[in-house]
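These numbers come from the heavy atoms of this one structure, side chains and all, not from hydrogens, waters or symmetry mates.
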Number of protein chains: 2
Amino acid sequence: MAEEKKISMAVIRRLPRYFRYLSDLMKLDIKRISSKELSERMQITASQIRQDLNCFGGFGQQGYGYNVEYLYDEISKILGTDRRFSCIIVGAGNMGNALANYENFSKRGFDIVGIFDVSPDKVGTVINNIKVLHMDMLPEFVKTHHVDIAMLTVPNSKVNEVAIQVTELGIKGIWNFSPTDLRLGDDVIVENVHLSDSLMVLGYRLKESMEGRKTS
Amino acid sequence: MAEEKKISMAVIRRLPRYFRYLSDLMKLDIKRISSKELSERMQITASQIRQDLNCFGGFGQQGYGYNVEYLYDEISKILGTDRRFSCIIVGAGNMGNALANYENFSKRGFDIVGIFDVSPDKVGTVINNIKVLHMDMLPEFVKTHHVDIAMLTVPNSKVNEVAIQVTELGIKGIWNFSPTDLRLGDDVIVENVHLSDSLMVLGYRLKESMEGRKTS
DNA sequence: TTTGTTTTGACAAAAAAATAACAATTATGA
DNA sequence: TCATAATTGTTATTTTTTTGTCAAAACAAA
């Protein structure tokens with residue numbers, strides 16, 4: 001019944017970027033914007049902007065452009081910024097710490113409700129008002145608290161095991177910070193942050209650039 | 001004179017992934033691999049693997065496949081894993097801390113040689129054997145130490161200013177952890193790690209999945 | 001050595017993504 | 001009010017990326 005218009009990942013990955021730019025425009029008190037002007041700011045073609053936005057509906061008006069606040073709200077809705085996601089952090093090391101202290105996540109609807117680790121040094125400590133629990137407590141915790149997302153900042157050697165564990169407990173979203181590609185069920189959504197991959201690409205591009213070639 | 005075969009970013013961004021899988025194969029003591037078998041492990045088509053690798057040269061042998069160690073070495077060379085990059089971290093907050101303590105970077109050729117901040121709380125502290133210096137010391141530091149890459153983990157409101165500052169000092173590579181897109185000279189290579197974008201995409205996909213749609 | 005199998009590298013085809021073009025619509029200013 | 005300029009949404013075109021195909025090369029076994 002509902003017409004399933006398939007939206008490509010390429011488009012979806014640009015949405016947060018539109019969201020950011022619109023947020024900036026609002027801060028600058030700019031009320032309307034044309035795809036042309038936005039394209040100059042974002043360094044992409046106006047055509048792409050119009051086509052991207054039209055995947056979700058006609059938010060603009062001919063001869064006028066887009067109303068910044070309206071467009072912002074619509075993209076918010078698409079991205080689901082209105083809903084809240086309960087998240088746990090597994091791995092209370094440096095990266096886990098950094099995530100737990102990152103204020104913006106809760107602003108965007110992602111609440112850290114638990115932090116887990118296995119190290120006796122870490123279990124019992126408090127990070128940003130959240131007590132670090134032992135991994136053994138995880139099954140019980142998930143039973144009593146709804147958890148949407150597990151943020152995995154465990155050592156590479158443990159990540160597969162942990163990923164299986166959290167998905168078996170019914171958690172459907174994984175934000176994976178390890179260099180390992182997780183292979184889980186089709187109903188589990190995995191989003192990777194492969195820091196070392198990113199750094200290696202930077203190294204490659206830098207090297208090419210130093211040798212006089214252009215990369216992008 | 002040199003034939004500039006343009007290699008697309010899509011290919012380049014897959015290189016670290018090949019690198020990882022080959023590294024794993026070596027650990028498993030696997031000496032040879034066909035594109036078909038690698039494709040099953042990596043969940044991409046064999047055709048893509050062969051085409052990707054052929055951008056850089058014929059590393060395989062008909063009827064045999066690819067020698068794992070040789071291919072690993074070749075991709076290492078392409079990625080520039082042999083060279084070393086001197087890096088500084090600007091912003092000694094939680095993320096800066098996490099990066100400073102991440103052991104794998106030096107393994108891959110990225111050495112953290114300095115950490116900078118402006119907060120009196122942080123300046124003077126020692127992170128992973130590196131003393132945090134005040135930003136005022138940066139120009140002097142860059143004069144006396146060669147720096148390839150600045151890893152920026154400063155607050156969003158300061159990142160533009162800092163990016164301009166480091167590029168004016170001649171640093172050509174930027175690893176940007178802020179949600180802001182930096183616009184710098186053509187000779188500066190910027191690689192972004194937009195954590196909040198990634199998380200928002202996870203939220204979107206999770207939402208879609210919960211509503212019964214598939215995203216990828 | 002010979003034959004059949006495997007597997008690459010190259011090229012062709014298909015699919016996806018980005019860009020361009022333009023009719024339709026609205027705003028703006030004379 | 002009317003004419004002109006601006007700007008969208010949509011369709012067409014182009015470009016890029018991915019996938020499929022196959023001859024040629026190398027291996028492996030008889």
Side-chain angles (χ1 to χ4, degrees), chain A residues 3-18 21-22 25 30-75 78 201 214-216, chain B residues 3-18 21-22 25 30-75 78 201 214-216:
Chain A
E3 45 166 303
E4 302 277 309
K5 42 179 173 181
K6 173 96 156 31
I7 290 151
S8 79
M9 263 295 166
V11 175
I12 292 162
R13 292 202 181 283
R14 279 191 293 269
L15 288 179
R17 193 144 180 271
Y18 290 123
Y21 275 82
L22 288 164
L25 289 172
I30 293 168
K31 300 295 183 195
R32 60 181 265 194
I33 192 146
S34 67
S35 59
K36 181 155 173 286
E37 198 191 329
L38 190 55
S39 81
E40 279 153 15
R41 285 173 184 265
M42 293 184 68
Q43 305 270 70
I44 53 176
T45 64
S47 207
Q48 181 162 69
I49 291 171
R50 293 205 299 277
Q51 201 156 24
D52 281 354
L53 297 179
N54 261 79
C55 293
F56 302 97
F59 303 134
Q61 205 164 17
Q62 284 139 318
Y64 177 87
Y66 298 88
N67 177 297
V68 172
E69 199 172 334
Y70 174 68
L71 187 54
Y72 174 87
D73 287 344
E74 288 301 315
I75 292 181
I78 294 164
V201 170
K214 281 277 163 60
T215 32
S216 74
Chain B
E3 44 166 302
E4 301 277 310
K5 41 181 172 180
K6 173 94 157 32
I7 289 152
S8 79
M9 263 295 164
V11 175
I12 291 162
R13 292 203 180 282
R14 280 192 292 269
L15 289 179
R17 192 144 179 270
Y18 291 122
Y21 276 83
L22 288 163
L25 290 172
I30 292 169
K31 300 294 182 197
R32 60 181 264 195
I33 192 144
S34 67
S35 59
K36 182 155 172 284
E37 198 192 330
L38 190 55
S39 81
E40 279 153 15
R41 288 172 183 266
M42 293 184 70
Q43 305 268 71
I44 53 174
T45 63
S47 205
Q48 182 162 69
I49 292 171
R50 293 206 298 276
Q51 199 155 11
D52 281 354
L53 297 179
N54 261 80
C55 292
F56 302 96
F59 302 134
Q61 205 162 19
Q62 282 138 320
Y64 176 87
Y66 298 87
N67 178 296
V68 172
E69 199 172 335
Y70 174 69
L71 186 54
Y72 175 87
D73 287 344
E74 287 300 316
I75 293 182
I78 294 164
V201 170
K214 282 276 163 59
T215 32
S216 75

*Is a donor on one side and an acceptor on the other found under 3.5 Å between the side chain of B:Arg32 and the backbone of B:Gly65?*
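No; judged by distance alone, with no hydrogens or angles, the pair does not exist.
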*asked:* Looking at A:Met42, is its backbone amide N or carbonyl O close enough to the side chain of A:Arg17 to form a donor-acceptor pair, meaning the two atoms are under 3.5 Å apart?
replied: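 Side chain of A:Arg17 to backbone of A:Met42, a donor-acceptor pair under 3.5 Å: yes, one is there.
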*For A:Tyr72, what residues pass the ring-ring contact (aromatic ring centres under 6.0 Å, His included) criterion, not counting sequence neighbours?*
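For A:Tyr72 the ring-ring contact (aromatic ring centres under 6.0 Å, His included) partners, ignoring immediate neighbours, are A:Phe19.
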*Pick base, sugar-phosphate or nothing for A:Ser47, based on heavy-atom distances below 4.0 Å to the nucleic acid.*
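Base contact - A:Ser47 has a heavy atom under 4.0 Å of at least one base atom.
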Of all the nucleotides listed ([options]), which has the minimum atom distance to the side chain of [X]?
X       : options                : value
A:Ser8  : D:dT8, C:dA17, D:dG20  : C:dA17
B:Asn54 : D:dT18, C:dA10, D:dT11 : C:dA10
A:Gln51 : D:dT21, D:dA12, D:dT8  : D:dA12

Measure from [atom1] on [X] to [atom2] on [N] and round the result to the nearest Å.
X       : N      : atom1 : atom2 : value
B:Tyr66 : C:dT6  : OH    : C1'   : 13 Å
A:Lys6  : C:dA17 : NZ    : P     : 7 Å
A:Asn67 : D:dT8  : CG    : P     : 13 Å
A:Gln48 : D:dT14 : CD    : P     : 19 Å
A:Gln43 : C:dA18 : CD    : P     : 16 Å
B:Glu37 : C:dT5  : CD    : P     : 20 Å
B:Phe59 : C:dA10 : CZ    : C1'   : 16 Å
B:Leu71 : C:dT8  : CG    : P     : 11 Å

*Take atom CD in A:Glu40; do more than 12 heavy atoms of anything else shown fall under 6.0 Å from it?*
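More than 12 heavy atoms, drawn from other residues, nucleotides or ligands, come within 6.0 Å of this atom.
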*Treat primed atoms plus P, OP1 and OP2 as sugar-phosphate and everything else as base, then score nucleotides 22-30 of chain D 5' to 3': B for base contact with protein heavy atoms under 4.0 Å, S for sugar-phosphate contact only, - for none.*
--BBB-S--
*Mapping A:Ile44 and B:Lys36 onto DNA chain C by nearest heavy atom, which one lands closer to the 5' end?*
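Closer to the 5' end of DNA chain C: B:Lys36.
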*Side-chain contact test, heavy atoms from C-beta onward, threshold under 4.5 Å: evaluate it for A:Asn54 versus A:Gln51 and give yes or no.*
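Not in contact.
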*Closest non-hydrogen atom pair between B:Ser39 and B:Ala46, with its separation*: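 Reported closest heavy-atom pair: CB-N, 3.4 Å.
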*Return the set of residues passing side chain to side chain donor-acceptor pair (under 3.5 Å) with A:Glu74 (not counting sequence neighbours), or none when no residue passes.*
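Counting only residues at least two positions away or on another chain, A:Glu74 forms a side chain to side chain donor-acceptor pair (under 3.5 Å) with A:Lys77.
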*For C:dA18, does OP1 or OP2 lie under 4.0 Å from any side-chain N or O of A:Thr45?*
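It does not, given that no N or O in the side chain of A:Thr45 lies less than 4.0 Å from OP1 or OP2 of C:dA18.
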